[in-house]
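Atoms within a ligand are numbered from 1 in the order they appear, just like the ligands themselves. What you are looking at is a predicted structure, and each value in this text was computed from that prediction instead of being measured.
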Amino acid sequence: MGIWILFLLFLLTCAYLPQSSTDPDDEACLENLRESLEDPANILQNWTKTTYSNPCSGFTSYLQGATCNNGRIYKLSLANLSLRGSISPYLSNCTNLQALDLSSNSLSGPIPPELQFLVNLAVLNLSSNRLVGPIPPQLALCAYLNVIDLHENLLTGPIPQQLGLLVRLSAFDVSNNRLSGVIPTSLGNRSGNLPKFNASSFEGNKGIYGYPLPPMKTKGLSVIEIVGIGLGSGFLSLVLSFSAVCVWLRVTEQKMALEEAKISQLMPDY
Ligand SMILES: *[C@@H]1O[C@H](CO)[C@@H](O)[C@H](O)[C@H]1NC(C)=O
Ligand SMILES: *[C@@H]1O[C@H](CO)[C@@H](O)[C@H](O)[C@H]1NC(C)=O
Ligand SMILES: *[C@@H]1O[C@H](CO)[C@@H](O)[C@H](O)[C@H]1NC(C)=O
Ligand SMILES: *[C@@H]1O[C@H](CO)[C@@H](O)[C@H](O)[C@H]1NC(C)=O
Ligand SMILES: *[C@@H]1O[C@H](CO)[C@@H](O)[C@H](O)[C@H]1NC(C)=O
Ligand SMILES: *[C@@H]1O[C@H](CO)[C@@H](O)[C@H](O)[C@H]1NC(C)=O
């Protein structure tokens, strides 16, 4: 009898524990993210100390935009909520995170390289913000990434060639940024049967060139055309100045001949 009561107590404790225990990493992640975000529309009003200290109750979350799995945050979806501020490096403490969507806000600041510690991350959508700085090459360490969408930001620097190592990558978009340099072959011309990315993934970056983008254009002219025009106009001005000198010489010659004729008419022969 006593054993049965003990067993029942044990079962009850087991059923109760996962709900009441809070993951300290998730708590640090959410608290720091909340602090780094500005929320003028007050969308995150229920992101408070009490809710993010226990964000997951079974499969649902009390927090707007958060989804839980096994008591851990596994999805954060805060797209199109007029959020400002920056992306906290402490997001890396949400170690079970599989999908991060902060797209279509007004977030500024850099993409934290610490995102590399999100080893389960499969979807990263930070598109349509005002993010600056480089694309962290360390993202290549998130081996499960299959979506990287960073289009429409103010990102600078090269496209890290390491991202080509992400064999699961099926969507990649860095269009409409301020990136520069050559498109790494590991992304522009992927080998084997890896999903291919076309020009639409890279366009809208003034400083970027290479396949699959069309040959570099500067105000609608290709490099070869510019060189051609340079050489052509150089040659033309040479020809023009040469003929100008010729004409001038001819004119002065004629003038001199005329003067000579006049003089010889005026002057009697001696
Ligand atoms: C927090 O906000 C979300 C969405 O507005 C809502 O579904 C959820 O019930 C709220 N949670 C609490 C604890 O108020
Ligand atoms: C963003 O939200 C606004 C209203 O808040 C809506 O009109 C617009 O369609 C949304 N855009 C996207 C891309 O969901
Ligand atoms: C939480 O994130 C910060 C910033 O990236 C890091 O310094 C710290 O080690 C992380 N803590 C844990 C427990 O992962
Ligand atoms: C990222 O989010 C935007 C809207 O916020 C959406 O239009 C786009 O399709 C998403 N990217 C991917 C690859 O799903
Ligand atoms: C793309 O890769 C294929 C096979 O590796 C190669 O034959 C082709 O020349 C490459 N194309 C460009 C534009 O680099
Ligand atoms: C480029 O790829 C995108 C999706 O990856 C597709 O929607 C689009 O139609 C493609 N464009 C061309 C010109 O093939």
- Message: Is it the case that atom CZ in Arg190 sees more than 12 heavy atoms from other parts of the structure closer than 6.0 Å?
- Response: yes
- Task: Answer with yes or no whether the side chains of Thr95 and Arg72 bring together a donor and an acceptor at under 3.5 Å.
- Result: yes
- Task: Kindly check if the number of other-residue, nucleotide or ligand heavy atoms within 6.0 Å of CZ (Arg84) is above 12?
- Result: no
- Message: Please find the pair of heavy atoms, one from Ile87 and one from Ser36, that lie closest to each other, and give the distance.
- Response: C-OG, 4.0 Å
Please tabulate, one line per pair, the protein nitrogen or oxygen atoms found under 3.5 angstrom from a nitrogen or oxygen of ligand 4, with distances to 0.1 Å, or say none if there are no such pairs.
from     : atom 1 : to     : atom 2 : distance (Å)
ligand 4 : 2 (O)  : Ser103 : OG     : 3.2
ligand 4 : 2 (O)  : Asn125 : ND2    : 2.3
ligand 4 : 5 (O)  : Ser103 : OG     : 2.5
ligand 4 : 5 (O)  : Ser104 : OG     : 3.1
ligand 4 : 11 (N) : Asn125 : ND2    : 2.9
ligand 4 : 11 (N) : Asp149 : OD2    : 2.7

- Message: When you compare the side chains of His151 and Asp149, does any donor N or O come within less than 3.5 Å of an acceptor on the partner?
- Response: yes
- Item | Side chain Asn129, main chain Leu126, donor-acceptor under 3.5 Å | yes
